[in-house]
Enquirer: 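Handing you this structure, nothing more for now.
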Amino acid sequence: MPTAFSDLAFTITQKAERRLIITPQNMPKTELLRRAMLCVTLSLATFASAAHHELPLPTNFPDWLADIPGAPESDDPDQDGATSFYEYALGAEPADALDASKSGHSPYLTSEDGSALLRFDFDGRQDVVYIFETRTDLAPDDWSVLAWKLGPTPWQVVTDGATLTQDGAYLSFNYPDAREQLYRLRVETHDSLLNEAQAVRFLRQATFGPRREDIEELLHHGLDFEEWVEDQIALPATTHTELAKTIPAFANYPASYPFGGANGNAHSKGMVWFEAAINAPDQLRQRMAWALFQIIVVGESGSANTAYLDEWLHYYDFYVTHATGNYRDLLQDVTESPKMGRYLTYVNNQKANNSGTRQPDENYAREVMQLFTIGLWELNRDGTLKLDENEQPIPTYDNTDITELAKVFTGFQYAADNPNYQDTDQNWIDPMRRNENRHDRGEKTLVDGTVLPANQNTITDVTQALDVLFNHPNTAPFISKRLIQRITCSNPSPQYVDRVAAAFEDDGNGERGNLAAVAKAILLDPEARSGRFIVDPTRGKLREPLNRFLQYCRSFELSTTRSDKLLYIRSLETYFGQFPYRSPTVFNFYLPDFSPSGEVRDENLVAPEFQILDDSTGIRTFQIMESLVKNGLAWPIGGNGHQGSLDFSHQETLASDATALVDHLNLLLANNALNETEKTAIITAVEALPEGDTEARTERALTLFSIAPGFNILK
Amino acid sequence: MSSSKKRQISRRQFLGEAPCAALGSTALFSSLLSLKMTNAAAAASAPTISTDDDYKALVCVFLAGGNDSYNMLLPRNQEAYNSYAANRANLKLDLYQEDGETYNILPITSTGQEYSEFGLHPRLGEMQTLYNDEELAFIANVGTLIQPTTMSDYRARRYRPKGLFSHSDQQDHWQTCLPQVRGASPGGWGGRASELLASFNEGSKISMNISVSGLNTFQTGEEAFAFVAGNDGGADMIAYQDPFEKAAVNSLLTENYKNLFQKNFGRNSARFIESSIAFNEGFDNATVTTRFPNTNTGDKFKTIARTIAAHDALKMRRQTFFVRIGGWDHHADLLSKQNTMLPDLSQSLLAFSNALRDLGLSDNVLTFSVSDFGRTLSSNDAGSDHGWGGNAFVMGGPVSGGKIYGTYPDLRTNGPLDTGRGRQIPTTSVDEYCSEIARWFGVANGDLETVFPNIQNFYDPYSLTPPIGFLKSEGSV
């Protein structure tokens, strides 16, 4: 945690006289300004620990330091009380004492008409995070972040308790309450986490969980995240269809199945999904596929043939193959798929009859707009709502647009039966065939005014309509924001959404909808990579229960103990509130704008995954994690039928030293997010067990980590 | 982070600013609530006399997806039936069986409508019995409204609920009773009511709001939340069995985290553990011997009955329940799916009614249905699409049953309320429907506006007569 210099802070009171009061009293104004400058403090702890581990310092700062003649032996060669780092951060000179009166680049604080005013007219260094903080009393280490910025980017306001206005170099904070406030400007190295923890953090976002060798490889490549992403994109797709064939249980796939008779059972496809999530090398693609599958949802409930493996794997592979391909291709494939056709009920949909007593089914027309492309409200590219002249949000479509688009999705029927598919009586794999006699051949006016001329055939109408939706200005921010929420954080700033949406609009080569470019933009964004998350309490997300479970499975290399080599994971939806293929409706397990009671809602933030965190799932997820740690994979749940094991051998070598074990797990599982209190809580419980009982010690530590907020929240 | 600085605004401003409130309506709403709580002396709804028999429970039955309720309750009057049948085409239920004499739909009658002959879906025999026993009533063509809305209002796009015809929005609006605000952020009327009535449950360690179907908007208030029970009660925290692990868990969950998500997760999890333990202390000893259907729906109603049986042990004199039954979005297979789903509902309701009778609490529990919307009357060949107004039911001893309330609409094609394809403009608002329930539950007239911010558009909250009149007791004053 950053060191707070309480004696360098200022007290501003907005009581009767509304003027700046200095502590200690009667301080001359020059001294006041000097102290304001020294409010700028380096996060000493972080900095010192980085030096201790001989990790690379920020790329720019060392160069800057090296350029100074007679590189300073101490941190503060000019002995002005400011270390070289914050002199650097402020654009000052290390050998030249800070002097507010001397140049425009030194920050100072004043108060004016009940506002706190920070003047800081230095643009900012690329590798420095600037954090403006306040606290209300002299209790140490209780600073709240008001705003922060990375290098020369604009300030981003964190709190809604104050209003912030920026006018050139001046930041003005207005507090409605008359009370004492202390302020400081703190600086941190942007790359202060440039170490193993940063690798772990990245891998927790980009994969279903880091393995130790993944971390080492990333470090070996100098934490070159861009290269990692490109390597992942270059990997061949692990399709679930092909993967299933490598599992002995499905050796004769699709001719025969290991259980439930020749048709397999409803759990087979989920077990293939877990095999991919845990063991596929193209982790980023699998992660993206799962995120996309939560946007364009098809679930068992409302579908046919839940036990037929081939058609489900074929369908899910649309998401796998297009996860680093193009969103437009995904839209086309799912739209033509009989699985979607059945799920959203437009297979066999036909034009209105002459009497008008039969009208086209509106289901797909509505959901493809509301959920898969443009959403209900017009958006700016940064994902914020557009407002009309009366400050009202603007609907993207009305019901006439629905009934018009419904006409487009008429004419689809099941393709001819195929005796090689599991279901020989109904084709659930090949694109739906088009019966032009049932297609509405009339003119259709789409949401943006585009008119599809009369007498077009089904596929032309469908393709052109999907083009219109795909190219609608809403689609880039709408889809981008949902993907960000699934992967890095629940409340991306508008700027973050805008950057990702820009990548959706144009991947740099003029291609729209390139999901590889979108994934890259999400993961490489300063907002995902910068160490600033430490200081911003509004950032992060609750990880999906599946992802928490999967991180243990991956980090401790779950292996099956079954002869058929299945990862026997099933029926956990009542524990997790989610499970592959088990979304209750097309609206997914949670809504993207869900906000739980408490501080998240009070701050007008969202936390979608909290919608499935309740008394039942919350505790039951802990139960599953504990069971996984202590019993490995077991079926029935809570029973003794052993199905698979985790490998804790490395952890057990550390376990006689509880601190070493906890430090190791803190890094591996939580990119060092657990603070000293959390670590101490776990260490104390571990130390209550005999030093030599490394197995029990490891299991206890892992059980408690699975409960720790630092593990469950990804910051 | 200052959540305490909430702007105080008037109700008029609140409603006027609804579009902006979409972004921050919680804070706005909370100020509204605290304002109201202060004005109402925070005690108008609170109990003045403590009596053991003053126990009341609400059961919200959420038919998620949008039940096609014009095939649940339909006209039997020949002329009205003909309009219905012509409009529904291949979705119609036959009036008579093949003999042309015996009714196919289950006959019921009602006063107060244009005609008296109505029918229920043929698979709703138990609900027919309950109706004839005057334990069940219907409210016709009820739906989300901001204020009374005419066809010309609709055509001029006046007073339309935000996101009309969409599942997520209409589900929220049935629960928030704020259709001018997008999303769930204002919280639900059950949550708000529970906050006003909190003192009824003094000494209870669990939330007044109990869900057997996960979190929901109805039971979420400014501070209120649902306790989520499984069919076996609260979940057990295994790590609590060891004192060292228990100490560590408590420390991990109650640390004062700066990060809001960590803080929320920790506090929520600690609450889950505490609530589950407290819940099981009452639930484990409660028994219900009444037979329930061996289905998911039956199981959930049985869990509710058992929790009702435990209300004394749980020190609860007010309980709200939420049960979600999904799968009603019948764009396809409407007839076949209602044929299997409606009897499950009907049998579960009867079993629940029987269980309450066995517990001697029939007069203390009010069950009411909610669904996203009614559906189009016109067919898409296999099913119906999203509509607006629909028919709801209320059940229990408090109900003045055997009657259809509200105004059953004229179902003919392009009828007076038809906004297209038989999507009916509601003639009774969710506010009227639910405020009558809230009055019975104990929300004082002076608090109705807090719970239903639009109520004055439909009903004078200080009126001595109830909004609709489907309950025996006239409720609070």
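Just so it is clear, the model here is predicted, and its values are computed rather than measured. Quick note: numbers below take in every heavy atom, side chains included, and nothing from hydrogens, waters or symmetry partners. Labels below follow one simple rule: chain letters A, B, ... track the order of the sequence lines, proteins then strands, and each chain is numbered from 1.
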Enquirer: Side chain, backbone, both or neither: which part of Thr400(A) has a heavy atom under 4.5 Å from chain B?
Expert: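 Neither part.
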Enquirer: Under 4.5 Å, counting heavy-atom pairs only, tell me which of Ile682(A), Asn712(A), Leu542(A), Asn675(A) racks up the most with chain B.
Expert: Asn712(A)
Enquirer: Is the NZ atom of Lys205(B) crowded by more than 12 outside heavy atoms at less than 6.0 Å?
Expert: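 12 or below, so no.
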Enquirer: Return the minimal non-hydrogen interatomic distance between Trp377(A) and Gly163(B), and the atom names on each side.
Expert: CZ2-N, 4.0 Å
Enquirer: Once rounded to the nearest 0.5 Å, what's the spacing between atom CG of Asp333(B) and atom OG1 of Thr345(A)?
Expert: 9.0 Å
Enquirer: Side chain, backbone, both or neither: which part of Thr574(A) has a non-hydrogen atom closer than 4.5 Å to chain B?
Expert: neither
Enquirer: Drop me the distance from His167(B)'s NE2 to Thr585(A)'s OG1, to the nearest 0.5 angstrom.
Expert: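 OG1 of Thr585(A) is found 7.5 Å from NE2 of His167(B).
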Enquirer: Which bit of Val686(A) comes within less than 4.5 Å of chain B, counting heavy atoms only: side chain, backbone, both or neither?
Expert: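 Neither the backbone nor the side chain of Val686(A) comes within 4.5 Å of chain B.
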Enquirer: Which region of Lys351(A), side chain (C-beta onward) or backbone (N, CA, C, O), has a non-hydrogen atom less than 4.5 Å from a non-hydrogen atom of chain B, or is it both or neither?
Expert: neither
Enquirer: Can you tell me how far apart CG (Asp329(B)) and CZ (Phe587(A)) are? Round to the nearest 0.5 Å.
Expert: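 Here the interatomic distance stands at 8.5 Å.
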Enquirer: Measure distances from Asn399(A) to the heavy atoms of chain B and classify the residue's part below 4.5 Å as side chain, backbone, both or neither.
Expert: side chain
Enquirer: Relative to chain A, which segment of Ala64(B) carries a heavy atom at a distance below 4.5 Å: side chain, backbone, both, or neither?
Expert: neither
Enquirer: At a 4.5 Å cut-off on heavy atoms, which part of Leu605(A) comes close to chain B: side chain, backbone, both, or neither?
Expert: side chain
Enquirer: For Thr357(A), which atoms come within 4.5 Å of any heavy atom of chain B: side chain, backbone, both, or neither?
Expert: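 Both the backbone and the side chain of Thr357(A) come within 4.5 Å of chain B.
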Enquirer: Kindly compute the distance separating OG (Ser185(B)) from CZ (Arg601(A)), expressed to the nearest 0.5 Å.
Expert: 8.0 Å
Enquirer: Please lay out, stage by stage, how Tyr257(B) and Glu678(A) fare under the test side chain to side chain donor-acceptor pair (under 3.5 Å).
Expert: CA-CA 10 Å; Tyr257(B) 295 102; Glu678(A) 293 172 278; 2.9 Å; yes
Enquirer: Report yes if the side chains of Pro393(A) and Lys162(B) come closer than 4.5 Å at any heavy-atom pair, otherwise no.
Expert: yes
Enquirer: Verify the distance criterion only: is there a donor paired with an acceptor across the side chains of Thr376(B) and Gln359(A) at less than 3.5 Å?
Expert: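 There is no such pair between these side chains.
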Enquirer: For chain A, which of Leu164(B), Asp242(B), Val249(B) has the most heavy-atom pairs under 4.5 Å?
Expert: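 Most heavy-atom pairs within the cutoff with chain A belong to Asp242(B).
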Enquirer: Shortest non-hydrogen contact from Ser166(B) to Arg366(A)?
Expert: N-NH1, 4.2 Å
Enquirer: Closest heavy-atom contact between Gly266(B) and Pro709(A)?
Expert: CA-CG, 4.0 Å
Enquirer: Which one, Asn90(B), Asn264(B), Leu215(B), leads in non-hydrogen pairs under 4.5 Å with chain A?
Expert: Asn264(B)
Enquirer: Given a strict heavy-atom distance threshold of 4.5 Å, which part of Leu376(A) is in contact with chain B: side chain, backbone, both, or neither?
Expert: side chain
Enquirer: So which heavy atom on Ala226(B) is nearest to which on Asp615(A), and how close?
Expert: O-OD1, 3.4 Å
Enquirer: Given that the side chain runs from C-beta out, which part of Asp388(A) has a heavy atom under 4.5 Å from chain B: side chain, backbone, both or neither?
Expert: neither
Enquirer: Tell me whether the count of non-hydrogen atoms from other residues, nucleotides or ligands lying under 6.0 Å of CG in Asn296(B) goes above 12.
Expert: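 At most 12 heavy atoms, drawn from other residues, nucleotides or ligands, come within 6.0 Å of this atom.
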Enquirer: Chain A heavy atoms under 4.5 Å from Glu245(B): which part of the residue, side chain, backbone, both or neither?
Expert: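 Interface part for Glu245(B): both.
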Enquirer: Indicate yes or no for a side-chain donor-acceptor contact from Gln623(A) to the backbone of Asp236(B) under 3.5 Å, with no hydrogens or angles considered.
Expert: yes
Enquirer: Is there a side-chain contact (heavy atoms from CB on, under 4.5 Å) between Ile707(A) and Leu253(B) once you walk through the steps?
Expert: CA-CA 8 Å; Ile707(A) 295 163; Leu253(B) 297 181; 3.8 Å; yes
Enquirer: Contact part of Pro360(A) toward chain B, heavy-atom cut-off under 4.5 Å: side chain, backbone, both or neither?
Expert: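 Backbone of Pro360(A) only, per the 4.5 Å heavy-atom cut-off to chain B.
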Enquirer: Need one label for Glu626(A): side chain, backbone, both or neither, based on atoms under 4.5 Å from any heavy atom in chain B.
Expert: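 Contact with chain B involves the side chain of Glu626(A) alone.
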Enquirer: Quick one: pull up CZ in Phe265(B) and CD1 in Ile713(A) and give me the separation to the nearest 0.5 Å.
Expert: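 With rounding to 0.5 Å, CZ (Phe265(B)) is 6.0 Å from CD1 (Ile713(A)).
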Enquirer: Start with the C-alpha gap between Leu260(B) and Thr538(A), add the side-chain angles, then the distance that decides, and say whether side-chain contact (heavy atoms from CB on, under 4.5 Å) holds.
Expert: CA-CA 6 Å; Leu260(B) 302 181; Thr538(A) 68; 4.2 Å; yes
Enquirer: To check you understand the geometry: which heavy-atom pair defines the closest contact between Ser597(A) and Phe225(B), and what is its length?
Expert: OG-CB, 4.4 Å
Enquirer: Which one, Gly191(B), Gly214(B), Ala239(B), leads in non-hydrogen pairs under 4.5 Å with chain A?
Expert: Ala239(B)
Enquirer: Where does Ser616(A) contact chain B at under 4.5 Å (heavy atoms): side chain, backbone, both or neither?
Expert: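 Both backbone and side chain of Ser616(A) come within 4.5 Å of chain B.
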Enquirer: Looking at Asp361(A) and Asp385(B), would you say the former's side chain and the latter's main chain have a donor-acceptor pair under 3.5 Å?
Expert: no
Enquirer: For Ala685(A) and Phe244(B), which heavy atoms make the closest approach, and how far apart are they?
Expert: CB-O, 3.7 Å
Enquirer: Identify which part of Asp398(A) has an atom lying under 4.5 Å from any heavy atom of chain B, answering side chain, backbone, both or neither.
Expert: side chain
Enquirer: Would you call Glu362(A) and Arg423(B) a salt bridge, taking side-chain N to carboxylate O under 4.0 Å as the test?
Expert: yes
Enquirer: Under a 4.5 Å heavy-atom cutoff, which of Leu91(B), Ile238(B), Leu377(B) has the most pairs with chain A?
Expert: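 Ranked by contacts with chain A, first place is Ile238(B).
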Enquirer: Distance check, rounded to the nearest 0.5 Å: Phe272(B) atom CZ versus Ile619(A) atom CD1?
Expert: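 Here the interatomic distance stands at 7.5 Å.
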Enquirer: Walk me through it: do Arg620(A) and Asp232(B) pass the test salt bridge (Lys or Arg N to Asp or Glu O under 4.0 Å)?
Expert: CA-CA 12 Å; Arg620(A) 284 161 190 261; Asp232(B) 53 354; 3.0 Å; yes
Enquirer: Quick check on the interface: out of Ser211(B), Ser168(B), Gly234(B), who has the most heavy-atom pairs with chain A under 4.5 Å?
Expert: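 If we count pairs closer than 4.5 Å to chain A, Ser168(B) comes out on top.
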Enquirer: Please look at Arg358(A) and chain B and tell me whether the side chain, the backbone, both or neither of the residue comes under 4.5 angstrom of a heavy atom of that chain.
Expert: both
